[in-house]
Each structure stands twice: as C-alpha cells, then as structure tokens.
Amino acid sequence: MEKTYDPSKFESRIYQTWLKNKYFASRPDKNKKKFSVCMPPPNVTGKAHVGHALNHAIQDIIVRYKRMQGFETLWLPGTDHAAIATEAKVVGALEKEGLTKEQVGRENFIRRGWDWYKEYGNIICEQLMSMGDSCDWDRKAFTMDENLSRAVRHSFVEYYNKGYIYQGKRVINYCPKCRSSISDIENEYKEQTTKLWHIRYPLEDGSGEVVVATTRPETMFGDTAVAVNPKDKRYKNIVGKNVILPIVNKPIPVVADEYCEMEFGTGAVKITPAHDPNDYDLGLRHNLPMVVVIDDDGKLNENAGKFAGMDRIEARKPIEAELKKLGVLVKTETYKNKVGCCCRCGTMTEPKVSEQWWVKMKELAKPAIEAVKKGELKFTPKRYEKMYLNWLENIQDWCISRQLWLGHRIPVFTCKDCGFKGAFEEDLKVCPKCKSKHITQDPDVLDTWFSSALWPFSTLGWPNKTPELDYFYPTDVLATGYDIITFWVVRMVFSGLFFTKKLPFKEVVINGIVRDSQGRKMSKNLGNGIDPMEIVGEYGADSMRLSLINGTSMGMDISYGKEKAKESKIFINKLYNASKFVLANTEHMQIKPLSSFALDEKDKWVLSKLQDLIRSTIKNLDKYALGVASANLIDFTISIFCDWYIEASKIDLNSGNKESKDKAQNILLYVLTTLLKLFHPYIPFVTEEIYQNLPGHEETIMLSKFPEYNSKLAFKNLKFEEVIAVIRAVRATRSQYNIPDNKKVSINLLPLEDEKLFAENLNVVAKLAGGSQVNIIKSEPKEKSAKVVTSTCNAYLPMGDLVDEAQEKERASKKIEELKFEIARSEKMLSNAGFVAKAPKTLVDAEKEKLAKNKEFLKQLLGE
RNA sequence: GGAAGUUUAGCUCAGCUGGGAGAGCAUCCGCCUUACAAGCGGAGGGUCAUAGGUUCGAUCCCUAUAACUUCCACCA
C-alpha cells in the first residue's frame with residue numbers, strides 16, 4: 001500500500017476492476033432472494049450536482065449492503081430525455097447557426113436531438129461511476145430507447161382505450177420561451193414587485209365610471225367584462241350596464257360574481273377569459289366571449305391595436321402612457337405578488353386557453369392513496385406520506401401534451417377523410433373505417449414525466465413478459481428527493497398499480513436538499529453551487545460520500561461545503577493509517593480461530609464492542625439511519641480501536657512471546673477486516689484497497705459476507721474500562737502538573753477491589769499513561785506522591801517535593817464534591833416513593849448499587 | 001389561507017418508543033510517543049427556543065407562543 005492515503009491513486013483503478021469482473025451485474029436467480037432498486041434517471045444531457053451525489057451515495061450504500069448480505073442485487077441505472085430542457089438546448093444551437101426549428105423541419109430536428117443525446121449523454125454516467133455507483137451498467141436504460149418507447153405507446157393506448165385520456169380545452173400555463181404548455185407543478189410561483197394599475201372604465205350611458213385594479217394592464221385588450229361582487233352595495237346599480245373599455249373603445253358588460261372580493265383593490269375586476277384561469281371559469285358562467293391578445297411567442301397580437309407585436313411585459317410602459325394620456329389612469333401603486341414561472345427556464349408563464357391532452361386522475365389516484373393508508377407503501381421519514389397524500393387527495397387532471405418535437409409523440413391518429421380518431425401502438429397508415437390513407441398524427445409530444453412514470457417496469461422490459469420483470473419487479477426501495485415526490489413518485493405509483501397491478505416499490509426513502517455551507521439553496525444566480533467532481537478530484541469519492549451522509553438524518557436538508565469533505569478525508573486517512581499498522585504487523589502471520597487463544601481483558605473488550613457495533617450497524621442500516629450507523633463506525637474506529645486497542649496491542653506484538661503475538665495479530669486482523677466490511681458501503685474504494693492487502697482476503701470485499709453478530713465473541717462483565725479510567729486519570733493529573741507526555745514517571749497502583757485486573761495490566765498502564773515503572777502497592781505510600789483516584793483503583797505518582805499540596809487538596813475536594821453531589825442525587829431519587837414504586841426495578845436497583853458504591857468511595861476518600 | 005418541518009456547545013449538526021446531554025470543527029494548555037502532526041494527550045464550553053400540562057421522572061409526549069424554512073392553494 002502507498003505510504004499516504006491518496007484516493008486519486010486507486011479509486012478509478014478499483015472501479016475498473018469491479019466493472020471488468022462484472023461484480024455489479026445481476027441475473028434472475030430463483031435460488032436467491034432478490035433486492036432491486038431503480039435509479040431516478042438524471043437528465044441525459046445534464047451534469048451531476050451535489051444533490052445527485054447525496055442521492056446516489058444513499059442508493060449505493062443500501063445496494064452494497066444488501067449485496068453483501070447475499071441478495072441478488074440489481075441497481076438499474078438510466079437517464080431521462082428531459083424533452084423541454086434538451087429541446088431548448090438544440091434550439092439554442094440552431095439559433096447560433098441562424099436557423100429555426102421550422103426551417104430544419106421536424107425530422108431533422110429530431111435527428112439533431114439524438115446527436116445531442118449521443119454527444120452529452122454519457123457524461124453524467126461517467127460522473128456517477130467516479131462516485132462509485134455499483135449499478136448494473138449493462139442494463140442502462142434511456143427513456144427514449146426503443147423498448148421504453150414501446151412501453152410509453154402501449155400505456156398511452158391502454159389509458160386511451162379505457163377512457164382515461166381525453167382532449168380538452170382549458171386554461172393552461174404556457175411558456176413563451178420553451179413554446180410549450182407546462183403542467184401545474186412545472187409552474188413555479190415566484191414573488192415579484194410590480195405595480196397595481198387603477199384604471200377608470202366609464203359607463204356607456206355616461207352616468208359614471210368603474211375603477212378596476214389590475215397587475216396586468218396588457219391584457220385589457222382581451223377584457224370582455226368587468227365583474228363585481230353581487231353583495232357589493234357600491235356597484236349594485238351598475239350590474240347589467242355596459243362600460244367602455246378604454247383604448248379599444250368597446251362596450252363590455254358589468255357582471256356580478258361571487259369570485260370578486262369586495263375588500264381587494266376597488267372591488268371591481270376586469271375579466272380576461274382568455275388569459276386567466278379564474279376569468280376563464282367566470283367567462284363560462286356568464287357566457288362571455290374570449291379574446292386572445294397574447295400569442296405563443298409572448299407578443300401582443302392584432303387585438304392590441306397599435307401595441308401589436310410588442311412583448312407582453314415591455315408593452316406595459318407605453319400602455320400606461322396611453323392610459324395617462326386618455327386620463328383614465330387613476331393611480332399606480334407598488335405591489336408584491338407571485339407570478340407563475342417556467343421551472344425549466346424561469347420565464348414568466350402565460351395562462352392561455354388551449355386544447356391539450358389530459359389524463360383523468362381521480363380514479364387512478366384512489367388505489368395510490370389506499371396503498372399508503374394501508375401501510376403497503378412506506379415512506380422514510382414518515383412525514384412525507386402526508387405530502388404524498390395531500391397531493392393525491394387534491395389531484396387535478398394531468399396535462400400530458402407538450403408542444404415540442406423531442407420526446408414521445410402522442411400516438412393519436414386522425415383520418416382526414418372520415419374523421420376517425422384513435423390511439424395506436426403502431427403508426428396508423430390506413431384508416432380502419434374508410435380505408436383512406438390521409439392519416440395525420442397529433443403533432444404534440446408527451447410530458448417527460450409520462451415516460452418516467454413507467455420507469456420501474458419499462459426498464460425491466462414491460463410490456464413484454466421478461467424474466468427480469470418477473471424476478472426483479474416490484475422493486476424494493478426507491479431513494480429520491482422530496483422535491484420530486486409529486487412529479488415522479490406519485491405518478492410511478494399510480495401507473496404501476498394501473499398497468500402492473502402491483503406497487504412499483506415497497507419503500508420510499510426521501511433525502512433532503514443539499515444547501516451551501518450557509519444553508520442557502522444552491523443556485524446559478526448565487527454562484528454557490530458545488531461541483532461534486534471537484535470534490536471527488538480534491539478529496540476522493542469516498543470522502544465525498546461519507547461527508548454527505550455521516551451525522552445526517554434522512555429527509556433533512558444539509559448544509560455542505562468542502563470543509564466537510566476535508567473532515568471525512570482526515571478520518572479516512574486515520575483508518576488508512578491504522579490499516580497500515582495492522583498490515584505492517586501481520587505480514588507473516590498465521591491465521592487461527594480466535595477461540596484458540598487465551599483472551600485477556602482488553603481483547604474481550606474490543607471484541608465485545610465490535611459485536612455491539614455489528615448489531616447496531618445492521619439495525620440502523622435496516623431502518624435507513626445511515627448517518628447514525630456511520631457515526632458509530634467512526635466512533636469505534638477512533639475511540640476504541642485506534643486510541644486503545646491498537647496502542648495496547650503493541651505490548652503483545654513486541655513482547656517476544658509467540659502466543660501473545662499470534663493472538664494480537666489475529667485479533668487485529670479480525671477487527672480490521674470486520675470494520676472494513678462494515679464501512680464498505682460508505683467508502684467502497686478505500687476499503688477495497690486495504691482489503692486487497694489483508695492476509696487471507698477474498699477476491700473482493702464487495703462480494704464478501706457482511707458481518708454478523710457473533711455471540712461467542714461477546715463477553716460479559718468487561719473490566720478493561722476500569723484500566724482505561726485509571727490511565728485517563730493519571731494522564732489528567734500529569735497534565736495538571738505540566739509533565740510532558742514524553743517524560744516517564746513511576747506509577748504505584750493501589751487497587752480497591754480487583755487486584756488481579758490491574759496486576760495483569762501493569763504494562764498497559766505503563767505504556768499508555770507514560771509510566772517508567774508501574775507497581776501494585778498494598779497501602780498508601782509513605783513517599784510524597786500526587787494522588788489519583790478512580791472508583792476502582794488509586795494511583796500514586798511519587799514526585800517528592802514537586803507535589804503541590806494545594807493542588808492535591810483542591811483535586812481531592814473537587815472529587816469529594818462530585819461524590820457528594822452524586823450521593824445526594826441518588827438519595828433524593830430513592831427517597832421518592834413514586835420512583836421506587838413505579839420505575840423499572842432494574843433502574844431502582846442500579847441506583848441503589850450506585851449509591852452504596854459512592855458512599856463507600858467517599859468514606860475511603862474522607863478517611864485519609 | 002391550508003399543511004409540514006426546524007429551533008440542542010462559538011459554528012455545522014447527531015441523539016431521545018421518557019431514566020444522569022454527544023460528535024466534528026473552532027478555542028485554550030502540553031507533546032514530532034517507532035500507523036497517523038491530515039497526528040497524540042489534556043481542558044473549557046449547553047436552564048436541549050419560551051410558557052404551561054401529563055408523569056415518580058420531560059431535551060424527548062401533549063397544548064399554546066415566537067422565529068426561521070419548505071410544500072400546497074392563491075386576490076385581480
């Protein structure tokens with residue numbers, strides 16, 4: 001092994017070995033239990049961000065753990081075509097050549113899309129590899145693959161034929177930049193400061209006026225009414241009359257509708273049915289005409305008169321000027337509101353009436369709701385079930401059509417001659433009704449999430465009955481972020497239940513969002529994003545993984561910065577160095593069963609602690625408490641293995657006694673090997689690197705058996721901590737006397753109970769407390785000494801005149817105070833009748849015992 | 001407007017199906033001790049947001065309050 005820990009020297013080499021040996025591969029095997037996970041497909045043309053790093057660390061830890069436990073484990077990777085995002089990039093590339101979509105035509109455009117996928121599609125996968133993802137790359141899927149596309153068409157046709165898909169006119173959110181409709185969840189509301197324009201609409205009969213307040217003056221050309229609340233006394237007399245729409249000079253009616261809030265603004269609202277969902281509904285109720293004034297490109301159209309051709313937002317200024325000129329602008333005030341924006345490009349979306357394709361949701365949602373309510377589908381943490389249920393219980397129909405060219409084209413065909421219309425899995429060439437060949441296909445494509453919703457089964461071959469689908473489906477766990485529960489998790493669940501009659505997974509593990517070290521969301525605007533590849537380059541994938549997981553709890557947002565990766569690297573370095581020590585001392589060792597050795601107290605202690613660790617690690621991994629498990633592993637490594645066992649083992653290793661040396665070597669090897677296996681899911685590279693150098697190692701740590709609790713190596717009545725306590729107390733006293741660590745002193749031990757224990761550990765005390773010589777004494781020494789007390793053993797450091805009486809007194813009285821406090825506390829508890837009567841017996845007994853011990857201890861201290 | 005979450009050491013966060021508060025970093029003191037100075041030893045530092053309640057006992061359960069965060073709905 002290299003002298004210093006340098007992950008860049010071996011991480012990629014090890015990954016290549018794993019790949020080459022097909023350790024990630026998985027095949028249906030009826031003799032084994034399976035464990036399957038499907039990867040949330042990242043955007044094919046995207047790059048990994050720290051959110052991926054976190055999510056993938058979680059998945060890989062779970063998957064590696066299960067694989068080591070002997071499950072036939074499949075982690076199925078893949079990517080998503082992300083139509084809107086990719087189309088925007090291809091359009092951008094065309095623009096640079098001075099071309100438009102329309103100029104190159106649909107077919108060529110799609111070809112360019114594929115070129116794009118091919119050029120950039122592998123970047124993200126390579127990045128995931130460098131993070132250590134142990135997925136079965138041979139099964140890598142892409143939502144636009146032939147078989148996945150077949151799944152999309154198959155499911156569409158099934159929905160369609162069963163009446164779940166319909167075409168309908170509704171107000172939808174339209175992104176003028178992406179030139180497509182987007183669904184409600186893709187429409188994000190952002191706060192902005194704008195103005196509230198108060199505009200005067202004069203009554204047609206000249207008897208007065210109505211002032212309306214609006215945030216969107218540019219839509220006034222599409223106004224077809226002014227609405228007031230029927231209860232509003234101010235406007236009672238004018239309901240039914242007409243007002244004149246300024247600039248346009250057109251009469252429009254005043255209507256009464258509950259929708260208007262009397263308190264807001266002036267209590268009168270201008271109604272633009274074509275450009276606002278509420279106005280649209282109101283328009284339907286009152287039979288109002290619809291006037292479209294904004295075109296798909298976000299520009300005002302001919303209905304806006306002289307403002308035609310201007311951008312909807314830019315037109316506000318000249319419109320305001322015109323209103324002022326006409327004397328109908330009462331006032332403007334600054335106003336904060338929220339406007340819908342496209343989640344992909346951030347452009348303000350335009351509510352717009354149009355004909356779109358929809359999936360009826362109410363009925364599909366029902367079994368998905370039931371699954372969680374019955375406990376068949378579980379979320380970790382549980383609170384996210386509420387988010388899921390809340391969404392499904394208030395679900396709206398799903399707008400699945402997008403006005404794009406990239407993606408899965410809607411397989412609905414219409415006969416130009418007889419008007420026949422239907423959905424087909426194969427392209428329709430001849431009308432089944434009139435045999436005409438004049439067939440057209442719907443121009444729109446499907447929402448990207450439509451194909452993602454099929455992911456857990458389409459990737460396994462569905463709708464074909466493949467052995468993979470049969471064996472690996474349903475999958476076991478889905479790990480994803482809470483930000484896509486509504487986009488994706490919900491849709492996979494109802495799609496899975498509808499098409500396969502099974503839940504696509506049993507458990508959903510939700511991770512939080514990775515924020516910057518100041519707790520802010522990472523964003524391009526702030527420039528505070530962290531590139532995971534940079535972290536991997538600087539600290540290694542292992543450090544990045546551990547730092548993202550350790551000490552966190554599932555579902556919580558985490559603040560992250562390079563410092564954390566550095567901390568993890570420092571720890572891994574420690575593990576690496578400890579391993580180097582073990583390796584250096586076990587080179588030519590003989591491997592023997594631990595039962596063949598006479599174990600002393602420190603051996604029993606480390607082995608028992610290790611068994612506890614194995615048990616707790618399994619328990620925590622099973623409930624996805626990954627951050628707790630790793631913290632325990634790290635704590636054991638440093639505070640038990642390195643600080644005490646390794647140091648103490650040096651005595652046995654250098655004793656010259658072959659039996660002792662053999663024993664120490666075998667214990668060191670066993671503890672380290674076990675520890676590496678427990679750590680492997682978190683830090684796969686370095687554990688493999690070390691493992692490959694261990695005596696008696698197997699082919700790979702990846703496929704070695706995950707440690708199991710061994711009761712034969714778990715001992716009771718461990719006493720080594722009494723020795724530790726004495727060493728600690730001596731060290732503290734030395735520190736108080738400013739005796740540097742490298743200065744040896746003689747130490748006299750006066751055991752209070754177990755003389756044998758201390759007699760057996762004299763050399764341990766000498767080694768770890770800096771003793772030149774350590775002796776057992778039978779009574780208080782006459783020599784002037786610094787006195788060190790613990791509850792089971794006193795230690796005396798003979799220092800002659802260097803003994804500081806004042807300090808000795810202070811230390812003694814401090815100890816006495818402590819004891820008195822403890823005794824008072826115990827007595828108070830035990831004198832409480834309620835405690836004695838109601839607390840568990842073991843607790844009461846323990847308290848009694850503690851009290852008796854402390855009293856004895858105190859007596860002994862005071863007696864001197 | 002509806003819902004959820006967070007509040008613990010100077011900082012970043014763990015922990016708790018209720019039984020004496022933890023880690024890392026930072027700070028202070030002492031050490032290059034032959035795995036590790038990316039280290040070792042020692043030390044200081046917290047009414048576990050506030051107020052009530054349940055209990056023999058509350059950081060943990062319940063109820064209010066405050067601050068911050070997020071999700072959903074949305075008033076022109």
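Within every chain, numbering begins at 1; the chains are lettered A, B, ... in the order of the sequence lines, protein sequences first and strands thereafter. Treat the numbers as computed from the prediction; the structure is a model and nothing was measured.
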Please classify the nucleic acid contact of Lys270(A) as base, sugar-phosphate, or nothing, using heavy-atom distances under 4.0 Å. nothing
Any base atoms under 4.0 Å from Lys336(A), or only sugar-phosphate, or nothing? Heavy atoms, all strands. nothing
One thing to verify: whether [Y] and [X] come together as a salt bridge, which I'm taking to mean a side-chain N less than 4.0 angstrom from a carboxylate O.
| X | Y | result |
| --- | --- | --- |
| Arg216(A) | Glu350(A) | yes |
| Glu191(A) | Lys338(A) | no |
| Lys373(A) | Glu393(A) | yes |
| Asp612(A) | Lys609(A) | no |
| Glu817(A) | Lys814(A) | no |

Atom pairs, N/O to N/O, protein against nucleotides 71-75 of chain B, distance under 3.5 Å?
unit_1: C75(B); atom_1: OP1; unit_2: Asn278(A); atom_2: ND2; d: 2.0

Side-chain atoms of Thr215(A) come closest, of A76(B), A4(B), U12(B), to A76(B)
Residue mapping more 5' on RNA chain B - nearest nucleotide basis, Asn832(A) or Ala268(A): Asn832(A)
Taking the nucleotide of RNA chain B with the nearest heavy atom to each, does Val836(A) or Arg728(A) sit closer to the 5' end? Arg728(A)
With sequence neighbours excluded, residues passing side chain to side chain contact (heavy atoms under 4.5 Å, CB included) with Leu802(A): Met799(A)
Integer angstrom distance from the [atom1] of [N] to that of [M]:
| N | M | atom1 | result |
| --- | --- | --- | --- |
| U27(B) | A73(B) | C1' | 49 Å |
| A58(B) | C75(B) | C1' | 45 Å |
| C25(B) | U33(B) | C1' | 26 Å |
| A76(B) | U69(B) | C1' | 29 Å |
| G45(B) | C62(B) | C1' | 33 Å |
| G15(B) | U6(B) | C1' | 15 Å |
| C16(B) | A49(B) | P | 16 Å |
| U47(B) | G41(B) | P | 28 Å |

Whole angstrom value for the distance that separates [atom2] of [N] from [atom1] of [X]:
| X | N | atom1 | atom2 | result |
| --- | --- | --- | --- | --- |
| Tyr737(A) | G41(B) | OH | C1' | 18 Å |
| Asp516(A) | C11(B) | CG | C1' | 14 Å |
| Asn550(A) | U12(B) | CG | C1' | 12 Å |
| Arg731(A) | A43(B) | CZ | P | 10 Å |
| Ile513(A) | C68(B) | CD1 | P | 20 Å |
| Tyr560(A) | C13(B) | OH | P | 14 Å |
| Phe835(A) | G19(B) | CZ | P | 12 Å |
| Lys566(A) | A38(B) | NZ | C1' | 8 Å |

What pairs of nitrogen or oxygen atoms, one from the protein and one from nucleotides 14-17 of chain B, lie under 3.5 Å apart?
unit_1: A14(B); atom_1: OP1; unit_2: Ser553(A); atom_2: OG; d: 3.4
unit_1: A14(B); atom_1: O5'; unit_2: Gly551(A); atom_2: O; d: 3.4

Along nucleotides 23-35 of chain B, 5' to 3', which nucleotides get a B, which get an S, and which get a -, given that the test is a protein heavy-atom distance under 4.0 Å? -SS----BSSB-B
Determine, stepwise, if the pair Lys9(A) / Asp6(A) fulfils salt bridge (Lys or Arg N to Asp or Glu O under 4.0 Å). CA-CA 6 Å; Lys9(A) 290 228 170 91; Asp6(A) 181 358; 3.5 Å; yes
If you look only at pairs with a residue in residues 549-572 of chain A, which of them pass as a salt bridge (Lys or Arg N to Asp or Glu O under 4.0 Å), with sequence neighbours excluded? Arg515(A)-Asp557(A), Glu534(A)-Lys562(A), Glu538(A)-Lys562(A)
Which pairs with one or both residues in residues 255-264 of chain A pass salt bridge (Lys or Arg N to Asp or Glu O under 4.0 Å), sequence neighbours excluded? Asp257(A)-Arg285(A)
List the residues meeting ring pair (Phe, Tyr, Trp, His ring centres under 6.0 Å) with Tyr539(A), not counting sequence neighbours, and say none if there are none. none
Residue pairs meeting side-chain hydrogen bond (donor to acceptor under 3.5 Å, both in side chains), one or both in residues 219-228 of chain A, sequence neighbours left out, come to Tyr201(A)-Asp223(A), Thr219(A)-Lys270(A), Asp223(A)-Lys270(A), Asp223(A)-Thr272(A)
Pair listing, ring pair (Phe, Tyr, Trp, His ring centres under 6.0 Å) test, anchored in residues 554-586 of chain A, at least two apart: Tyr5(A)-Tyr576(A), Phe571(A)-Phe679(A)
Apply side chain to side chain donor-acceptor pair (under 3.5 Å) to Tyr388(A) and list each qualifying residue two or more places apart in sequence or on a separate chain. none
Those residues at least two apart in sequence (or on a different chain) that pass side chain to side chain donor-acceptor pair (under 3.5 Å) with Ser826(A) are Glu847(A)
If we only count heavy atoms from C-beta on, is the Ile510(A) to Pro381(A) side-chain gap below 4.5 Å? yes
Only Watson-Crick and G-U wobble pairs with both distances less than 3.5 Å should count. Give RNA chain B in dot-bracket notation, marking inter-strand partners with |. (((((((..((((.....[..)))).(((((.......))))).....(((((..]....))))))))))))....
